[in-house]
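To start, the structure itself, in structure tokens.
Numbers restart at 1 for each chain; the letters A, B, ... are given by sequence-line order, proteins then strands. No experiment lies behind these values; they were computed from the predicted model shown.
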Amino acid sequence: MAKRVLVIEDEPNITEAISFILSRDGWTVHTHSDGETANERIKATPPDLIILDVMLPGKSGFDILRDLRAEEGTSELPVLMLTARGQARDRELAEKLGVTQFMTKPFSNAEVLESVRALARD
Amino acid sequence: MLTYNVLIAVALLYVVFLFGIAFFAEKRARAGRSGWVSSPWIYTLSLSIYCTAWTFYGAVGYAARSGLEYLTVYLGPTIVMLGWWWIVRKLVRIGRSQRITSIADLISSRFGKSTSLGVIVTLIAVVAATPYLALQLQSVTLSFAVFAEAGGTHWTQADLSRAALWVAIGLVVFTIVFGTRNLDANERHHGVVIAIAVEAVVKLCALIAVGVFVVWGVAGGLGETLQMIDASAISKWEQPAGRWVGLTFLAGAAFLCLPRMFQVLVVENVNENHLSTASWAFPLYVMLMSLFVVPIAVVGLNLMPSGSNPDLFVLTLPLAEGWNVLAIFSFLGGFSSATSMVIVATIALATMVSNHIVVPLWLSSRGAGAVVAGDIRLVVLLSRRISIAAVVLGGYIYFRLSGGGAALAAIGLISFVGVVQVLPSLVGGLYWRGATRWGAIAGLVVGFSVWAWCLFLPSFGQGAIIPVSVFENGPYGINWLRPEALFGIEKIDPLLHALLWSMLLNAVAFFVGSVVTFPAPIERLQGAQFVNVFEHSTGARAWTQSAAEAEDLLIMSQRILGPTEAQQIFAREAARQGKAGYLPDVTPDFIQTLERNLAGSVGAATAHAMIGQFTQGSSISVEDLIAVADEAVQIMEYSNRLEAKSAEQERTARQLRDANEKLTALSIQKDAFLSQISHELRTPMTSIRSFSEILRDGDADPATVERYSGIIHDEALRLTRLLDDLLDLSVLENGQVTLNIQEGSLKTLLDRAISATEASGRRLSIRRIVANENHLLNTDLDRLTQVFINLISNAEKYCDAEAPELKITLRRIGGRHVVDFIDNGSGIGKASQRVIFEKFSRLSDHRKAGGAGLGLAICREIMARLGGEIVYLPGQGGAAFRVTLP
């Protein structure tokens, strides 16, 4: 069964690009564009991997990550954070909150794909 | 009896006359016309308070008893004044540059503003001056008694005491009236100085008149007088050289150390150049004073009945010859000598007692919160007045205790030896940077103790305070501690004995103390300033050459004094210069006045440095910086001691905190802005990169390829727009924009804006309710059009009505033209209204808008540059903006 990736991203063009390259590689891609309801969505149908933006309407990616890690079922869920905020501070914060991997935008498609493959292997 | 009553009347009239002179001089000085008041002659005459009643009456008695030895009393100061270039000039320079108020202040200031030293010097000065004050009271009282007896009344001791009390009270009143009228920053007393200058003339004329009378009226001519002198014992008395040298040294040292001499020599000095005149004029004055001393003494000894007091020959000789008017004149001379000395000495001592003892005690007793300005001036004045009364009272008590028996000269010399204990610390402090506070304290305490033990306490008489047995066998039988034979050295003159030992032990203690202790930083700073005073101070601190603009000075003064007070000072000065309503001319006098006013708020050194910045057109000198630093240290010490947080410090701290917060806020804003820009730029770049990589892979179907190419194109445009906006905003915010002012009608502008926003498939309908579209504008038309375009395209993007409509209305409100842009959408929430003009404050879903949220920020900047305004109009139904035209 194909592994499921959830893309939480509010910029539709970026969502579309990520969806395209992951689908082409054989992943099942779900998308979600709102921050506030993201955690409920994950809880309802837990994916194998999450690609998470930071600046989201309603709730920031950092808050979503924090809540995920506090939750029993999702504390180990691989999270690839993709953000246009590339400052060292943000990276540190993300790592402190327990991100699995942190990448800055703009990204290379190949790298994203590689990371997704590596993180969702098991 | 008649003579006595006349005498009282004349004395009172004379006092009234002095009051008048003093008042007049004060008035002149206050009006700024101090011309003749501050001449070198007045300065020289004021120095003559060195010649007290002791000199006037006592010198004759001295000569009658000890021959020419009295000359030493004049010789010492003469040498000091002739050599003014070495010590006196330095003292005056330091006094001016450090704003010294008394000799105690000088010593305390030199040794790191030491409070304890101030107290010690003050105590020494007060104790040493007390016999001297008593001496003046005694001489005035005795002169009254002479007249009373000439009138046939014999005065008892009680009569003398009562007269002395009245004289004391009179002196206290005069001194308080003129010595503490105001609390002047530099402690100068013009009225007093003039009054004592007049008294100096009176006493010189009186003594010369008596001398002339004695030589030509009594003795019968110059030749006869010389014969009498030859025949008398005075010319034969051999003086031991040691005593001559010792006394000359003593008189010279006392001239420098006496608080009253310091007051006239240094504190009241208005111009350093006066010293060069005084250096020869003062020796001339004392020479004239001493000219007739020997003739009067010799003739008196020959003519007066044996047993009559030679101290009073200047009075008794004219009286005996029936020259009552001359006798009264002579009395006025003696009276002048006594009163001028008491007044100045009392002012000097009261300043010291008040500044170094009373006020510090008051401050520490009040504890925290005492530094509040306002009430402290009253306290200082009051403490000075009480100190004046106390000092004179001390003299009176000494007079009563000592019974007025001792010869005048003896009392004077006792005082001298006491007061010269300051000399080692003074000279050491001026010339030796290694001198320290502990050295000074040790020297002063040791010297003072020796003086008290060997000279002062014995002066009350054997058995009065120190028991006779101690004089013979020493205290507790310690033989080498006998007051008049210290260390077993006997049979030398008690005065010389005390002088020698006190000065020697004082100097040794001072030296050893300085060598074994280490000076504190502030002592080193002060030491350098004192020892090298000529290296970093200009002579007169008067502002001679001034490049200052009145306006600059006013701005600065307002910052320090507050607008009301500063403007008052300037208005007063302008009125005085006869140009009321304008700014005053910047005269040296005015600058000095201003500096004094500023000094009251920020301290003398800071005020001087601030004024210096303007008047000399240069930056602050190192000296001034040191002075400021030093003042800061002083303030810190002061506040630490009192543990009081002054309002000033709190204000400074608050300002620092505010500035810091502002900086932090600015830096946070800058960070947030950069982070926003980064985000806004990276987002379209992400799409562009990702989609172009997909296209490069070459496996997408043609429809997808076309769709993705479109996205890349749009995102590239978005990126360009964003960069344009950023650059535009940055130019506008930095004010680098050049406006292209042209004339054009509002109609043309709106037409241009609307056509520029007409994209394909416009949904928005625009309604123009403009009464006078031909209204002409004279502004940067392109920029104003840019604002309109922004507002119209915002309505296009964000208006969420079914049938979006934008109403554009031209109105005239309060004499200005405004254009309102109101759409029929749901508008902007109250909380958001405040932030919409901020950068990146995009509110709704921005993908639809395609802007970066800089549009309104740009509009706001443009309107500010054009001299107009753009605001959000709440409560109009939809989103509503009002543009006020320039």
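Between B:F691 and A:F20, the gap from one ring centroid to the other reaches at least 6.0 Å.
Counting non-hydrogen atoms of other residues, nucleotides and ligands closer than 6.0 Å to CZ of A:R89 gives a total of 12 or fewer. Counted within 6.0 Å of CD on A:E95, heavy atoms from surrounding residues, nucleotides or ligands total more than 12; the atom is thus considered enclosed.
If you measure heavy-atom distances from B:R707 to chain A, the contacts under 4.5 Å come from the side chain alone.
Between B:R718 and A:E11, at least one side-chain N (NZ, or NE/NH1/NH2) sits under 4.0 Å from a carboxylate O, which counts as a salt bridge.
The two residues B:S687 and A:I14 make their nearest non-hydrogen contact at OG-CG1, 3.5 Å.
Two residues are said to be in side-chain contact when any heavy atoms from C-beta on lie closer than 4.5 Å; A:N109 and B:R689 fail this criterion.
Put simply, CZ on A:F107 and CD on B:E693 are 8.5 Å apart, with the number rounded to the nearest 0.5 Å. In this structure, the separation between CD1 on A:I18 and OG on B:S690 is 7.0 Å, given to the nearest 0.5 Å. Here CE of A:M55 is found 8.0 Å from OG1 of B:T683. Values are rounded to the nearest 0.5 Å.
Evaluated for a side-chain contact (heavy atoms from CB on, under 4.5 Å) with A:N13, the options B:I711, B:I712, B:D714, B:I688 yield exactly one hit, B:I711.
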Verdict with supporting geometry, B:R682 and A:T83, side-chain contact (heavy atoms from CB on, under 4.5 Å): CA-CA 9 Å; B:R682 280 166 191 270; A:T83 176; over 6 Å; no
